[in-house]
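Quick note on labels: first sequence line is chain A, next is B, and so on, each numbered from 1.
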Amino acid sequence: MNVVTRFAPSPTGYVHVGSQRTALYNYIFARQQKGKFILRIEDTDQNRYVEGAVENLLSSLEQLGIEFDAGPGKEDGKGPYFQSERNEIYSREVKKLMDDGKAYRCFCSEKRLDTLRKEQMEEQIPTGYDGKCRSIKREVSDERAKTEKFVIRLKTPREGICEFEDIVRGEVKIAWFQIDDQVLVKSDGFPTYHLANVVDDHYMEVTHVIRGEEWLPSVPKHLFLYECFGWDAPQMAHLPLLLNPDRSKLSKRQGDVAVEDYLKKGYTPEALNNFLALMGWNPGGKSEIYTMDELIKAFDINKITKAGAVFDVQKLDWMNGQYIKNMEVERYLNEARKWLGDLEVNEDKLDTALMAVKTSLTTFKEIPSKIAVFTGDPVEPDLEGTEMLEFESTKEVFEAYVEKITALDELKSDDFKNIMKEIQTEMGVKGKYLWMPIRVGLTGAVHGPELGYIVEYLGKEENIKRINHWIN
RNA sequence: GUCCCGUUCGUUCAGUGGUUAGGACUCAGGAUUUUCAUUCCUGCAACAGGGGUUCGAGUCCCCUACGGGAUACCA
């Protein structure tokens, strides 16, 4: 079988991390199976149109390295890949359904539907359309359609049980009488998700539908549609949801949910993908760090977890730190430079500063604050810092230090280390009694990156100036 | 209300009838280091509850509880 998967988001303006996880699983599975991965824009709801949303979506997917084989701007003869441009197809298909008596026009007002639902709630029976317009004769229906507003509904079975197999959930059973006569075409003439998704998946030859768990209850409707059309249904895999720390569905209120938010906060696409891929599945080895290729190799669609997963930023932080620490130097420097903001830096020595903080970063956004020790003026020592300046030996250490670097033409990290060794052997001062006064004298702070980096970045003159400040 | 799905350390993921229930993150302690960070080592910590089936159940079945989802002319 030639596997075809699809990611079918509605363009709401940003990519939710949950959607990204869905996209990832579709992508990974398709690549693993040497199949095709397609992107389809589900924009049948005209009320939800958002300016620039599609561009945004495409850009997010690109940044995350999710490449589709067919989709917007990448036609393969099975498009168009915008549902809003496929209305002719849906009209044609739904007409077949009506001719076969599988679907019917419904002229009920929204008001009647509302009161109906309320009554059903009170009577404690399943809510849903009561079938009032089910038996209107076709000729009458055709006539009324000329003047009245209507929707088209699917005539779902009223008895029996719908049983189906889900790759993640196993066997699922739902009684048909629970299933509503779903609206297939809205009164504005656009199809609902249920119709469009089935028609498109069929014509786009999708073999595996991998999507969020929220779709599980509508599977019977979809299956029935396939049956009515006489088509084979694809296999289904309904993914567990991503959750807030309080285990409700991951929402904006409790933190960032958009992929672009995380990118803006300095997370790398690799870390984000790696992290998301492991929400709901895991190859079981000792490591947690996987490249995309490794994920594709190791992925097992049959081993996806059933339970929802809390989005744990702490772990993402750790993972992102790992990716930065292990990042190739050239790429790191390149990336890090984008995060300087309006910080004033010494261009020649910027790389030194950036390398010095590489292992201490959680996200790129921390760069300005982390390298401030290089670029800014020294801070006023706090209590602990002051103590470090008041050792008995401090003044002599300072004097020896200044004397030794004054004799140099240029002050490099290696020179600095040699000088420190010399002072240690000559004066017998070592450990924190030697290093901390220099650190505090130079930066004012008791913590910071390796001193060698700082010394080299500041340069000979600045070193002398700052230490002399404390001698006097 | 009705229906569907779920429930292993705080979090995440392993564990598909016999295990001292494992890894990762977090947290705590230690080692290395001029500090912080990194790195390394050690430790804390879980099978929701109750019934079955079985010689034996985290693993299979049922019930309860709790959580989530669906119930739209949104996807």
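For residues 299-328 of chain A, the set of pairs meeting the salt bridge (Lys or Arg N to Asp or Glu O under 4.0 Å) definition, not counting sequence neighbours, comprises A/Glu288-A/Lys315. For residues 120-131 of chain A, every residue pair satisfying the salt bridge (Lys or Arg N to Asp or Glu O under 4.0 Å) rule, not counting sequence neighbours, is listed here: A/Arg112-A/Asp130. For residues 155-170 of chain A, the set of pairs meeting the salt bridge (Lys or Arg N to Asp or Glu O under 4.0 Å) definition, not counting sequence neighbours, comprises A/Arg169-A/Glu213.
A salt bridge is absent between A/Lys432 and A/Glu384: the closest approach of a Lys/Arg side-chain nitrogen to an acidic carboxylate oxygen does not fall below 4.0 angstrom.
Not counting sequence neighbours, the partners of A/Arg466 by the side-chain hydrogen bond (donor to acceptor under 3.5 Å, both in side chains) test are A/Glu462. With sequence neighbours left out, A/His16 forms a ring-ring contact (aromatic ring centres under 6.0 Å, His included) with no residue at all. Partners of A/Asp246 according to the side-chain hydrogen bond (donor to acceptor under 3.5 Å, both in side chains) rule, which considers only residues two or more places apart in sequence or in another chain, are A/Ser248, A/Gln254. A/Trp470 meets the ring-ring contact (aromatic ring centres under 6.0 Å, His included) test with no other residue; sequence neighbours excluded. Remark: A/Phe391 pairs with A/Tyr433 by the ring-ring contact (aromatic ring centres under 6.0 Å, His included) rule, at least two apart or across chains.
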Output a table of nitrogen or oxygen pairs between the protein and nucleotides 43-47 of chain B separated by less than 3.5 Å.
none

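In terms of phosphate contacts, A/Lys303 brings a side-chain nitrogen or oxygen within less than 4.0 Å of OP1 or OP2 of B/G15.
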Which letters describe nucleotides 19-31 of chain B, given B = protein heavy atom under 4.0 Å from base, S = only from sugar-phosphate, - = neither?
-> ----BBSS-----
Let me have a per-nucleotide readout for nucleotides 60-75 of chain B, 5' to 3', with B, S or -, counting only protein heavy atoms under 4.0 Å.
-> --------SSSSSBBB
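Remark: aromatic rings of A/Tyr193 and A/Trp215 are close, center separation under 6.0 Å.
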Given the rule that a pair is Watson-Crick or G-U wobble with both distances under 3.5 Å, how would you write RNA chain B in dot-bracket, using | for pairs to a different strand?
-> (((((((..((((....[...)))).(((((.......)))))....(((((..]....))))))))))))....
